[in-house]
Undergrad: 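Here's a structure for you.
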2 protein chains.
Amino acid sequence: MASMKAATIRDVAARAQVSVASVSRVLTGAGAVTEPTRQRVLEAVAALAYVPHSGARSLSTSRTDTVGVVLPDLFGEFFSELIRGMDLAARTHGLHLIVSSSHDDADEASAAIRSMRGRVDGMIVLSPHLDAANLAASLAGSLPVLLMNGGATDAGRPSIVVDNHGGAVAAVEHLIAGGARDIAHICGPTGNLEAEARMAGYVQAMAAAGLKARVVDGDFSQSSGHAAVRAMLAEGSHSDAIFAGNDVMAVGALLALQEAGVRCPEDVAVVGFDDVPIAQLVRPSLSTMRINIAETGRRALDRLVDLIRAKDDEALPADVACEIVRPVLVARDSSRANPSINTQASDDGRTAVKSTISSGGHQDV
Amino acid sequence: MASMKAATIRDVAARAQVSVASVSRVLTGAGAVTEPTRQRVLEAVAALAYVPHSGARSLSTSRTDTVGVVLPDLFGEFFSELIRGMDLAARTHGLHLIVSSSHDDADEASAAIRSMRGRVDGMIVLSPHLDAANLAASLAGSLPVLLMNGGATDAGRPSIVVDNHGGAVAAVEHLIAGGARDIAHICGPTGNLEAEARMAGYVQAMAAAGLKARVVDGDFSQSSGHAAVRAMLAEGSHSDAIFAGNDVMAVGALLALQEAGVRCPEDVAVVGFDDVPIAQLVRPSLSTMRINIAETGRRALDRLVDLIRAKDDEALPADVACEIVRPVLVARDSSRANPSINTQASDDGRTAVKSTISSGGHQDV
DNA sequence: CTAATTTCTGTAATCGGTTACATGACACAC
DNA sequence: GTGTGTCATGTAACCGATTACAGAAATTAG
């Protein structure tokens, strides 16, 4: 019982008194088999607890039924929602998901990509750090890859990007519509493409409205948002609104305002980006730009599957488009002109507005 | 350029003017090779962009260098931290991680386990729903498996469990030490082993203190925590403290108290469980029981690697112990006798108390 | 210079599936 | 009975790595 070798397809064939070809036909569903044969095979499979050797199968079919996902160091909720969406889609396609996470620089991400090559049929790469050149070098020539490197539109490569630029514009326009004129921006870390796109959107929207832009440094952490507001107040800020590069910094900003006795939204309105779960739990609840993350992940995997099929079939339709996910404004109390006195707490947010996904064209960054 | 077949080890051998054996020796690092040979091989590998076929390798070595993780439908931060820890550990061992998430019932989890068998060297299974019988049926006989099915101590199988029972006891004792006497518990969904262990701990601690237990139904969602408190207040509760089965419900409870004008912690103290990031952002900041999730994930993977080694070496030390992770109390304002007027907002929590991991013995559920 | 080692290299078997092709069985029509 | 077509099945050749073993080359000893 201890060291019984695992059963092979030949063992199954022997027990079922058929050839290996018949066993394979039953198991893969390809090719005709009579009912009695099928039964005998299934009985033998069950009796021997036979599991096909995936390596052997992959060797003869030259497919792995596995896709890889390379991720940077992401905030909790974003990460889990994304994987959830991808995993669900993968399951419906009968695929497995290899994940490699927490790559906080380009070299690590490259290494992860290289070590995945050869064991996956395709890859999804999220990498705010990796530029096109670096990436191309790491990628296997013919391996289908879907990029989600928010910000840099790498022409010619299939990708899905969040419209950070457009989202930032919408956030600023929302603040302006609410009466704000002196709007400051707490930006994300330099070098992060998403952060830069959001800042660019802010700058453009301010310029378009004829307003003066003011950018305060941040790094996407809560404490940096807190510090940014403290610094602003210390130097006698007259801002009547703040657009933070992400929700986490926005929450830090809210707390700093609260500590300083500045009312939100009456004195200073605040808008974040991402719609993390905390956004609806803080008081005042935080206005933000929402992305339907799970849906985006699902969509990414579906597109990758299409790319893999396109490669297999040698038929041409390799969809090389850069698809754009547009964030939607979720207006809550932190930017409301007349905040409701008492917000209900049962806003679980699961059923709210979905982010739209539109296809074609390139991002207007 | 379009449909160039991927290079094989024979192509490399031909180009480098050596045998496949030498190429293999260079690439695997096993066996002696002269420097000139090594150089020629490496040059050929680079020139052909050769990547070893993992299936073929797995076929001859009968190892996949991959481990699987089966997960239920988890809350965001927990999920991502756990994967982060496991992924980091996997990388140091040169292993890849296949994840399958969002299994919200036993059948789905079983299916996931079966579909993973044969493509991994070992598995980590988190499954609050799967009982021992179901699990054993789904598991390959000789595949190393590490369980993290919080609550059910499946004797004889290597596992890591969170001491939910002990954590609940500690939480209640903390509330009692703060002066509370009428402590209510908002429990998690029935059938969830973790929820049940926490409730059992609450009941035992109350009994030990000679206090009367009161349990209100919840389901781990924020709105259920909110509803529970509203129900309590509606029927004229006299509770001076609430122990919630998790942080998310505790936050719902906090908001409900706030809406009703009940002060926390002055009138009612609140303690949660998990220490999700929100816990330190709500006001009052939430006292809770913390588990170092990433560390636990890392530890789980390390133990799995040991199990795989033990199986390979045929040497005996198969570590079958049930390791226990003890949550640590994080006392914040929601349960402080004299809450500080102004809490600093820069408590990022990354550097706080680590949860202890102690080994051996069984959980005293 | 020959013999004994040691070190490197190559040949070919092997891992466990899939599948093209050949074979055999059977039915039906004439 | 023979011919023809269909359908189920088996045989054996792959897929691309690793590695036991044998043989060649280089080193050292005597």
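Chain identifiers are assigned alphabetically (A, B, ...) following the order of the sequence lines, protein sequences preceding nucleic acid strands; residue numbering begins at 1 within each chain. The model shown is predicted, which means the values in this text are computed figures rather than measured ones. For the numbers below, each heavy atom of this structure counts, side chains included, while hydrogens, waters and symmetry mates do not.
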Undergrad: Are B/Arg25 and B/Thr37 close enough that a side-chain donor and a side-chain acceptor fall under 3.5 Å?
TA: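 Short answer, no.
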Undergrad: With the side chain counted from C-beta on, respond yes when A/Val120 and A/Leu143 share a heavy-atom pair under 4.5 Å apart, and no when they do not.
TA: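 They are in contact (side-chain heavy atoms under 4.5 Å apart), so the answer is yes.
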Undergrad: What is the distance from CZ of B/Arg38 to C1' of C/dT7, rounded to the nearest Å?
TA: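 From B/Arg38 CZ to C/dT7 C1': 15 Å.
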Undergrad: Round to a whole Å and report the spacing from CZ of B/Arg10 to P of C/dG10.
TA: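 Between P of C/dG10 and CZ of B/Arg10: 14 Å.
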Undergrad: Could you pick out which residue, B/Ala56 or B/Ala32, lies toward the 5' side of DNA chain C when each is mapped onto its nearest nucleotide?
TA: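 So the residue in question is B/Ala32.
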Undergrad: Using the C1' atoms of five pairs at each end, what's the angle between the two axes of the helix from C/dC1-D/dG30 to C/dC30-D/dG1, to 10 degrees?
TA: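 The angle separating the two end axes equals 50°.
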Undergrad: Within the side chain of B/Ser54, is there an N or O that forms a donor-acceptor pair under 3.5 Å with the backbone of A/Gly118?
TA: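 Present.
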Undergrad: Sequence neighbours left out, what passes side-chain contact (heavy atoms from CB on, under 4.5 Å) with A/Thr92? Give chain and number order.
TA: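 side-chain contact (heavy atoms from CB on, under 4.5 Å) list for A/Thr92, sorted by chain: empty.
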Undergrad: Going by atom type alone, with no hydrogens or angles, which donor-acceptor pairs under 3.5 Å involve a side-chain atom of residues 12-21 of chain B and a protein atom two or more places apart or on another chain?
TA:
from	atom 1	to	atom 2	distance (Å)
B/Arg15	NH1	B/Glu43	OE2	2.9
B/Ser19	OG	B/Ala21	N	3.3
B/Ser19	OG	B/Ser22	N	3.4

Undergrad: Send over the distance from A/Ile9 CD1 to C/dC15 C1', rounded to a whole Å.
TA: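 One finds 14 Å between C1' of C/dC15 and CD1 of A/Ile9, rounded.
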Undergrad: Tell me, which of residues 57-67 of chain B have any heavy atom that sits under 4.0 Å from an atom in DNA chain D?
TA: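 Only B/Arg57, B/Leu59, B/Ser60, B/Thr61 qualify.
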Undergrad: Give me the residues of residues 17-26 of chain A where at least one heavy atom lies under 4.0 Å from an atom of DNA chain C, by number, or none.
TA: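 Here the set is A/Ala21, A/Ser24.
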Undergrad: Answer yes or no: does a side-chain N or O of A/Thr8 lie under 4.0 Å from OP1 or OP2 of C/dC15?
TA: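 No, A/Thr8 has no side-chain N/O under 4.0 Å of OP1/OP2 on C/dC15.
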Undergrad: Excluding sequence neighbours, so at least two apart, what forms side-chain contact (heavy atoms from CB on, under 4.5 Å) with A/Thr28?
TA: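 Partners of A/Thr28 by the side-chain contact (heavy atoms from CB on, under 4.5 Å) criterion, ordered by chain and then number, come out as A/Ser24, A/Ala30, A/Arg57.
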Undergrad: Partners of A/Asp302 by salt bridge (charged side-chain N to carboxylate O under 4.0 Å, His left out), sequence neighbours excluded?
TA: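 A/Asp302: salt bridge (charged side-chain N to carboxylate O under 4.0 Å, His left out) contacts with A/Arg298.
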Undergrad: Counting C-beta onward and ignoring hydrogens, is there a side-chain heavy-atom pair between B/Val67 and B/Leu97 closer than 4.5 Å?
TA: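 Yes, side chains in contact.
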Undergrad: For a 4.0 angstrom threshold against heavy atoms of chain B, report the outermost contacting nucleotides of DNA chain D in 5' to 3' order.
TA: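 Range of nucleotides within reach of chain B: D/dG16 to D/dT19.
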Undergrad: Run the side-chain contact (heavy atoms from CB on, under 4.5 Å) test against A/His53 and tell me which residues pass, sequence neighbours left out.
TA: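 In terms of side-chain contact (heavy atoms from CB on, under 4.5 Å), with neighbours along the sequence ignored, A/His53 is linked to A/Ala56, B/Ser58, B/Leu59.
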Undergrad: Respond yes when some side-chain nitrogen or oxygen of B/Thr37 is under 4.0 Å from OP1 or OP2 of C/dC8, and no when none is.
TA: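 Result: no.
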Undergrad: Could you tell me which residues satisfy salt bridge (charged side-chain N to carboxylate O under 4.0 Å, His left out) with A/Arg84, sequence neighbours excluded, listed by chain and number?
TA: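 A/Arg84: salt bridge (charged side-chain N to carboxylate O under 4.0 Å, His left out) contacts with A/Glu81, B/Asp73.
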Undergrad: List for me each residue that meets salt bridge (charged side-chain N to carboxylate O under 4.0 Å, His left out) alongside A/Asp65, sequence neighbours excluded, and say none if there are none.
TA: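 If we apply the salt bridge (charged side-chain N to carboxylate O under 4.0 Å, His left out) test to A/Asp65, skipping adjacent residues, the hits are A/Arg63.
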Undergrad: With sequence neighbours left out, what residues match B/Arg40 under salt bridge (charged side-chain N to carboxylate O under 4.0 Å, His left out)?
TA: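 So B/Arg40 forms no salt bridge (charged side-chain N to carboxylate O under 4.0 Å, His left out) with any residue.
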Undergrad: Any heavy-atom pair between the side chains of A/Asp121 and A/Pro144 that's under 4.5 Å?
TA: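 Sidechains of A/Asp121 and A/Pro144: no contact.
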